[in-house]
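Some notes on the structure that comes next.
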There are 2 protein chains.
Amino acid sequence: MKNKIRQLREALGMTQEQLGKMVGTSRQAINAIETEKNEPSIWLAYDIAQVFNEPIEGVFLFEESERKSRADISRRHAYGSQRD
Amino acid sequence: MKNKIRQLREALGMTQEQLGKMVGTSRQAINAIETEKNEPSIWLAYDIAQVFNEPIEGVFLFEESERKSRADISRRHAYGSQRD
DNA sequence: CTAAAATGTCACGCTAACCTTACAATGCAA
DNA sequence: TTGCATTGTAAGGTTAGCGTGACATTTTAG
């Protein structure tokens, strides 16, 4: 998913490795998220956002188009109660 | 992790199953998160928060003590550059 | 140009989130 | 109490995030 990590990170003059250490993860994990290869866990997203003093939504962009596909929920409504 | 899902959900008179359908997941997944057995993926957390018109941090409580343990990052600083 | 730092990637392994199916327990209304 | 809706859980399987180690490529400092 798109995010502002690189931009925010460089604004603070930090390396991926430094950021990784600050949030307790590896530089590879930071890199994968930064380059949009992985989506962060909710805690990692939170910790990263905290470093930049931003809410999660201020660092990660939740765009419908970014979704790795799932059933179209826009068409779903709570009108059923078919068994499990 | 602690959250306000139940409270917000019932305020809207919804069942776990209905909420699950609205965010495109199963009622069991909603239940597991509501009862703090699982932590939501970042997208699921976002979708749930959206249903309640709240930011992620407005629905999920990120308390240090809730963390499922990880190395103490408070003591970590970016002073190293030991190889990987 | 050259060495070091930073970044990009890959493979392998582990774990947790989530799905489906199924059943038990609880809550509530008739 | 009976019946149904809701919630709680468990088991098995799939998938993705993340760690570690290793190596290639790119960027930056001298």
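Here is the naming used below: chain letters follow the sequence lines, and residue numbers restart at 1 for every chain.
- Between the side chain of B/Gln28 and the base of C/dT21, a donor-acceptor pair under 3.5 Å is found.
- Base engagement by A/Ser26 is indicated by at least one non-hydrogen atom pair under 4.0 Å involving a base atom.
- At whole-Å resolution of the value, CD1 in B/Ile30 and C1' in C/dA17 are 13 Å apart.
- Dashed line: the shortest gap from a side-chain N or O of A/Ser41 to OP1 or OP2 of C/dA16 is not under 4.0 Å.
- The side chain to side chain donor-acceptor pair (under 3.5 Å) with B/Gln16 is formed by just one residue from the set B/Lys21, B/Gln28, B/Glu34; it is B/Glu34.
- For the pair B/Arg9 (side chain) and B/Met14 (backbone), a donor-acceptor distance under 3.5 Å is present.
- Of all nucleotides listed (C/dA6, D/dT7, D/dC18), D/dT7 comes nearest to the side chain of B/Gln16.
- For the salt bridge (Lys or Arg N to Asp or Glu O under 4.0 Å) test with B/Lys2, the passing option among B/Glu63, B/Glu39, B/Glu36 is B/Glu63; the others fail.
- The shortest distance between the side-chain N/O atoms of A/Thr25 and the OP1/OP2 oxygens of D/dG19 is below 4.0 Å.
- Here the nucleotide nearest the side chain of A/Asn31, chosen from C/dT7, C/dC18, D/dG19, is C/dT7.
- Remark: C1' of C/dC18 and CD of B/Glu36 are 18 Å apart, rounded to the nearest angstrom.
- OP1 or OP2 of D/dA16 has not a single side-chain nitrogen or oxygen of A/Asn38 nearer than 4.0 Å.
- Here B/Glu10 pairs with nothing under the salt bridge (Lys or Arg N to Asp or Glu O under 4.0 Å) rule; sequence neighbours left out.
- As a whole-Å value, the separation of A/Leu19 CG from D/dC18 P is 12 Å.
- Rounded to a whole Å, the CD atom of A/Glu39 is 16 Å from the P atom of C/dA17.
- When the C1' atom of C/dA17 is taken as reference, atom CD1 of B/Ile33 falls 8 Å away, rounded to whole Å.
- Between A/Arg9 atom CZ and C/dA6 atom P there is a gap of 10 Å when expressed in whole angstrom units.
- Neither OP1 nor OP2 of C/dA5 sits under 4.0 Å from any side-chain N or O of A/Arg27.
- Taking atom CG of residue B/Leu44 and atom C1' of nucleotide C/dA16, one finds them 14 Å apart after rounding to whole Å.
- A donor-acceptor pair is defined here as one N or O able to donate and one able to accept, closer than 3.5 Å; no such pair exists between the side chain of B/Glu57 and the backbone of A/Pro55.
- Residue A/Arg6 has no polar side-chain atom (N or O) positioned under 4.0 Å from OP1 or OP2 of C/dA6.
- Whole-Å rounding puts the A/Met1 CE to D/dA16 P distance at 15 Å.
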